[in-house]
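Here is the structure we will look at.
This one's a predicted model, so the numbers in the text were calculated from it and none came from an experiment.
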Amino acid sequence: MKKIILCLLLSITLIGCQSNNETENETTTQNSTTETSNTQTIDTYDNIIEETKNSSYNLGYLLKDIDNNGIDELIIGEYPDDDSSWNEVIYDIYTIDNDEIVHIVEGSERNRYYLCDNGTLANECSNSASYATYAYYTFTDNSLILNEAIIYNSEANAESPWFYTTTDLNDWSQSITEDEALEIINSYTYIQLELEKI
């Protein structure tokens, strides 16, 4: 009887050790796969990073999975400068879809993007002193989905130039006050990106 109990205890111990080894092997495999994936991602984006070296802007880049789908996006933005108010500015975002690079956003000095602390992408765009937009998007399925936007358009209505929309940046049907507009704009906090210098 003692031999049977001893054999059972030994079997349980061995099964437990085997289970731990399998878990460790799975973890090691997952870590290796993640490292390989990150290396492949940076290799895929290498040409874009190389091309931006000729830019007149002070640029940096960051790999970040914005939409949490397991694929890192390439973010090109203004490289931090202690004297700059542009430290959070994003000019371009790329992603990979079916082994193809997709250019998600293309910005400029008057068409800037920002990553917010809640994962939203903000876009500040100004065509003139009389027209500007502050749009807030969710990035999903390789596209931007408009959540809400504030539009300043003094040509559409000089007396009440602030508008709100959740559907279309050309929709100026819902007038709001300047205070309401600023409250929405100020509810989004832009994050400073940890960029690598290009």
Side-chain angles (χ1 to χ4, degrees), residues 30-31 34-35 37-38 41-42 44-45 48-49 52 55 57-97 101-127 131-153 161-171 174 176-198:
Q30 287 172 352
N31 288 341
T34 302
E35 287 172 13
S37 174
N38 287 341
T41 301
I42 190 66
T44 304
Y45 291 133
I48 296 169
I49 295 169
T52 59
S55 172
Y57 294 110
N58 186 30
L59 298 177
Y61 75 91
L62 171 69
L63 294 179
K64 184 174 178 61
D65 185 3
I66 301 173
D67 55 353
N68 298 313
N69 69 346
I71 297 171
D72 283 337
E73 279 67 48
L74 171 65
I75 298 171
I76 306 286
E78 188 79 16
Y79 188 74
D81 178 348
D82 292 338
D83 299 326
S84 174
S85 60
W86 292 61
N87 287 353
E88 302 95 355
V89 173
I90 295 170
Y91 294 120
D92 294 278
I93 299 176
Y94 299 85
T95 194
I96 300 169
D97 185 24
I101 294 176
V102 181
H103 199 176
I104 301 297
V105 301
E106 183 175 0
S108 64
E109 284 187 28
R110 301 191 74 169
N111 183 27
R112 302 179 302 274
Y113 288 84
Y114 303 86
L115 188 59
C116 302
D117 61 356
N118 63 358
T120 301
L121 271 173
N123 175 231
E124 293 184 6
C125 184
S126 174
N127 292 339
Y131 185 84
T133 60
Y134 304 84
Y136 306 97
Y137 298 92
T138 297
F139 174 55
T140 184
D141 295 329
N142 299 333
S143 59
L144 299 181
I145 309 299
L146 181 66
N147 295 331
E148 61 181 347
I150 302 298
I151 303 157
Y152 177 84
N153 188 348
W162 295 96
F163 302 92
Y164 177 82
T165 185
T166 57
T167 57
D168 183 355
L169 295 181
N170 294 315
D171 177 10
Q174 187 177 342
I176 60 174
T177 66
E178 181 177 0
D179 286 344
E180 289 171 327
L182 293 177
E183 184 178 351
I184 293 169
I185 292 168
N186 293 330
S187 70
Y188 290 92
T189 303
Y190 301 162
I191 61 172
Q192 184 165 330
L193 304 170
E194 300 291 328
L195 301 174
E196 294 286 330
K197 181 84 169 104
I198 293 178

Task: Closest contact, heavy atoms only, Ile76 versus Tyr94 - done: CG1-CE1, 4.3 Å
Open item on the list: Could you report the tightest heavy-atom contact between Leu195 and Glu78, atom names first, then the distance?
Closed with: CD1-O, 3.2 Å
Donor-acceptor pairs are to be reported for all side-chain atoms of residues 138-149 against protein atoms at under 3.5 Å, with residues two or more places apart or in another chain.
unit_1, atom_1, unit_2, atom_2, d
Thr138, OG1, Asn147, OD1, 3.1
Thr138, OG1, Asn147, ND2, 3.0
Asn142, ND2, Asp97, OD2, 3.4
Ser143, OG, Thr140, O, 3.2
Glu148, OE1, Tyr164, OH, 2.7
Glu148, OE2, Tyr188, OH, 2.5

Looking at residues at least two apart in the chain, or sitting in another chain, which of them share a side chain to side chain contact (heavy atoms under 4.5 Å, CB included) with [X]?
{"X": "Glu196", "value": "Tyr61"}
{"X": "Asp65", "value": "Asp67, Asn69, Asp72, Glu73"}
{"X": "Asn111", "value": "Ser108, Tyr113, Asn123, Cys125"}

Task: Sequence neighbours excluded, every pair satisfying salt bridge (Lys or Arg N to Asp or Glu O under 4.0 Å) that has a member inside residues 114-124 - done: Arg112-Glu124
Mind checking whether [X] and [Y] have side chains closer than 4.5 Å, heavy atoms only?
{"X": "Thr165", "Y": "Gln174", "value": "no"}
{"X": "Thr52", "Y": "Asp92", "value": "no"}
{"X": "Leu63", "Y": "Leu74", "value": "yes"}
{"X": "Tyr137", "Y": "Thr120", "value": "no"}
{"X": "Leu169", "Y": "Phe163", "value": "no"}

TODO: For Tyr190 and Val89, run side-chain contact (heavy atoms from CB on, under 4.5 Å): C-alpha distance rounded to whole Å, both residues' side-chain angles, the deciding distance at 0.1 Å, then the answer.
DONE: CA-CA 9 Å; Tyr190 301 162; Val89 173; over 6 Å; no
Open item on the list: Restricting to ring pair (Phe, Tyr, Trp, His ring centres under 6.0 Å), what partner residues turn up for Tyr152, sequence neighbours left out?
Closed with: Trp162
